[in-house]
Amino acid sequence: MSQPIFCQRLKTTKVSNEVFDVFLDNVARIGDPQILLALLGGSLIGMLFGLIPGLGGIQALTICLPFTFGWDPQVAMFLFAGIMGSVTKGGSIPAILINTPGMAPNACTCLDGFPLARRGEAGRAIGLAASSCVLGSLLGVVVLLLLLPVVRLLIFAFGPPEFFWLIMFGIVAIAFVARGNFLKGLVAGGLGILISLIGYSEVFGVRRFTLSSDYLWDGINLVPFFIGIFAIGELLSYTTRGGVISSKGIHVRGLSSVFDGFREIFRYPATFFRGSFIGVVVGLIPGIGGSVANFLSYTAAVQMSKKPETFGKGNPEGIVASESSNDAKDGGALLPTLGFGIPGSPEMAVLLGAFMLHGLQPGPFLLKEHPEIAVSLIAGLVIANLISSGLMIVGADQLAKVTLIPVRYIAPVVVVIGLAGAYAVRGNLWDVLLAIIAGLFGYTLRRHGFPVIPLVMGFILGVLAETAFYQSFKMGLGSYSVFFSSPISLSLFALVLLLLLYPFLQQLRRRK
Amino acid sequence: MSTFKKGSLVFEFLLLIFLALVIVSVFGYKKDSRLVPLVVAVPTTIICIIVIAGEFFPKLSQIFELDLGRVTEERQKYRFQGPQEHQDRIPWSKIFKLWFWIIGYFVVMLLFGFAVATPLFLLLFLKLYCEARTWVAIVFSLVLFTSIWVMFHLGANIDFFEGVIFKGVLPPL
């Protein structure tokens, strides 16, 4: 029987208050020197990784993952929030000053940022990018805070069968949105689940796929696997490219022009709100990265403009559209990640790995049992945006010099720190070898069009999916009907089916 | 069929063999513990077979190339080169050359320990692979090694592997 409306309202208000209480408690904790240091460090690391074209948030998070082992999970979350909140800002600096986007989501910033810089208005472009990022991220966080209590209510309806379908939906959805062939994404997701099942199963008390190896008894360790897939694998293609990122650049002269640019955002409210809205919506869709939000927002700005011909020639609105969507996306992407354990963006997939490393189970129960983790990430994201914008305004010129380092010099740094991190978590030398092998495996997958994000998703959620499957099976006394007995299960199953059938539906539509 | 397509086909066949081995080995486990591996491995194998078939019949493959909105079109319009386009052109010899450098670093670490392997790897890699000047290589490797040592050993209290020659104990494999 459904509850009376006033009871539901009362419950919603109670949950909202609880979330805001935890939020205020955590905001008060920010004065803690450990947290401040984590935020500052995260912001700086994020900016540096964002600045170097080819590297980005995923690599920064992966490299930092082992360092946080043994930390208070909340402090670790502030570090991760610092990285996520600052990485796109780092990427916008070379986009404006040297016409090379630090990351794919900054690609559209080049189109108008660099022409502005060439006209001697680099400071204005930097200021505008900084304000678009800060305000965009604030808007994303506000939407997240408004939606969190609703999601928190929804997750009370989740049991093992619903959780199982949710994981399946997450993996299929991420394969669906990955670039290229949908089937290859599904194969990668399946491989990820199978890899996660290697080792001793606590549920069944048996060893599986261990090839009689003692090392594999504990399964494939998350940290070296991630370091291999994301850091070493990416590096293999990145370093072989060689060369110098840039030999010449445009300089920012005078802080006043930067501040003028910072204030200029208020002249383009429509572009800002539209870009931020697109960012939040794209963030809410599982697995879609910032580059999609960036292109959609920029295209919308061009199409809605009365002077579309000015875009690409130094129109400040181009920077606002591009950068506001980039940072608003983070708030949106946190919602499916925290609420359902489905990453809203590729960076969030690594964040789920970080949850596991810190003993936090991703999925609907995270928000219920550890609201402080969600709040740390949200508060961290806001403050990191302020810190990194400050750094961007004051030090863009100096930070841009990082791009003058030949890319080959970056490889040994990432290899040595990455492999030391792979070793550090368990003090096991074979973890280093695992990272190196996973690196080649990840590279080969990418080279042949298999996206690695579904692989990582399957790897993170595989054991959880198996446990949910087994619990549901026992709940249903050996009957599979338990998987289709609740409206939520049925809806999720229908969504999975719809995604799987979508290519055929699309084919039918094309024929018509 | 292009060399790249052939390479993809070989890789997809290897994946198929791996999945087939998983299915065969799963039957050696108890009923409960083989349920999920089978539920995952069987559909994955079937999908892998369709992927392989798609290499021979491009029309089949095209069905699963999803056109999500106009994003792909827009990306092409702005000529943004994603990582995939770049990776296709790198010869495997270059990739393996770099990968064996990393394997070499691991072997030296296994024999002589982290403290010897890391500065040695950095110095040789910078000098021979990156073709850096000798003084740059020396300074860079010393600064980086010292920073990592301070971060991990002094900061996080982690004892790095000493190397089997210096009586470091290897964990069971």
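Numbered from 1 within each chain, the chains take letters A, B, ... in sequence-line order. Here the structure is a predicted model, which means the values were calculated and not measured.
- Aromatic ring centres of B:Tyr29 and A:Phe204 lie farther apart than the 6.0 Å criterion allows.
- Residue pairs satisfying the side-chain hydrogen bond (donor to acceptor under 3.5 Å, both in side chains) criterion with at least one member in residues 193-216 of chain A, sequence neighbours excluded, are listed as follows: A:Arg208-A:Glu466, A:Tyr215-A:Asp431.
- Within the 4.5 angstrom heavy-atom criterion, only side-chain atoms of B:Leu19, from C-beta onward, approach chain A.
- At a 4.5 Å heavy-atom cutoff, the contact between B:Ile47 and chain A is made by backbone and side-chain atoms alike.
- Heavy atoms of B:Ile102 lying under 4.5 Å from chain A belong to its backbone as well as its side chain.
- For B:Ser33, the parts lying near chain A are the backbone and the side chain together; criterion is any non-hydrogen pair under 4.5 Å.
- With a 4.5 Å cut-off on non-hydrogen atoms, B:Ala132 touches chain A through its backbone and its side chain both.
- Side-chain contact, A:Ser472 with A:Tyr480: no donor N or O sits under 3.5 Å from an acceptor N or O.
- Among A:Gly185, A:Gly190, A:Ala465, A:Ala420, the residue with the largest count of heavy-atom pairs under 4.5 Å with chain B is A:Ala420.
- With chain B as partner, the option from A:Ile437, A:Val432, A:Leu433, A:Asn428 having the largest number of non-hydrogen pairs under 4.5 angstrom is A:Leu433.
- Within the 4.5 angstrom heavy-atom criterion, only side-chain atoms of B:Leu122, from C-beta onward, approach chain A.
- Within the 4.5 Å cutoff, side-chain heavy atoms of A:Asn181 are placed close to those of B:Ser61.
- Taking the six-membered ring where the residue is Trp, the centroids of A:Tyr502 and B:Phe64 are separated by 6.0 Å or more.
- Contacts between B:Trp92 and chain A at a heavy-atom distance below 4.5 Å involve backbone atoms as well as side-chain atoms.
- Only the backbone of B:Gln62 comes within less than 4.5 Å of a heavy atom in chain A; its side chain stays farther off.
- At least one side-chain heavy atom of B:Phe140 sits less than 4.5 Å from a side-chain heavy atom of A:Val413.
- In this structure, B:Phe121 has its ring center no closer than 6.0 Å to that of B:Tyr129.
- Taking chain B as the reference chain and counting heavy-atom pairs below 4.5 Å, the highest number among A:Leu419, A:Val203, A:Thr444 is found for A:Thr444.
- When heavy atoms are compared at a cutoff of 4.5 Å, A:Leu216 does not approach chain B at all.
- Contact check for B:Phe18 versus A:Leu191: side-chain heavy atoms found under the 4.5 Å cut-off.
- For B:Phe125, the part sitting under 4.5 Å from any heavy atom of chain A is the side chain, from C-beta outward, and nothing else.
- Of the atoms belonging to B:Ser141, not a single heavy atom falls under 4.5 Å from chain A.
- Taking A:Phe67, A:Phe469, A:Tyr423, A:Phe182 one by one and counting their heavy-atom pairs under 4.5 Å with chain B, the maximum is reached by A:Tyr423.
- Between the side chain of A:Lys184 and the backbone N or O of A:His448 there is at least one donor-acceptor pair closer than 3.5 Å.
- Neither the backbone nor the side chain of B:Lys97 has a heavy atom closer than 4.5 Å to any heavy atom of chain A.
- In this structure, chain A has heavy atoms under 4.5 Å from both the backbone and the side chain of B:Ile63.
- Looking only at side-chain heavy atoms (C-beta outward), A:Met168 and A:Ile193 come within less than 4.5 Å of each other.
- Screening B:Phe145, B:Phe114, B:Phe166 for a ring-ring contact (aromatic ring centres under 6.0 Å, His included) involving B:Phe160 leaves a single residue, B:Phe114.
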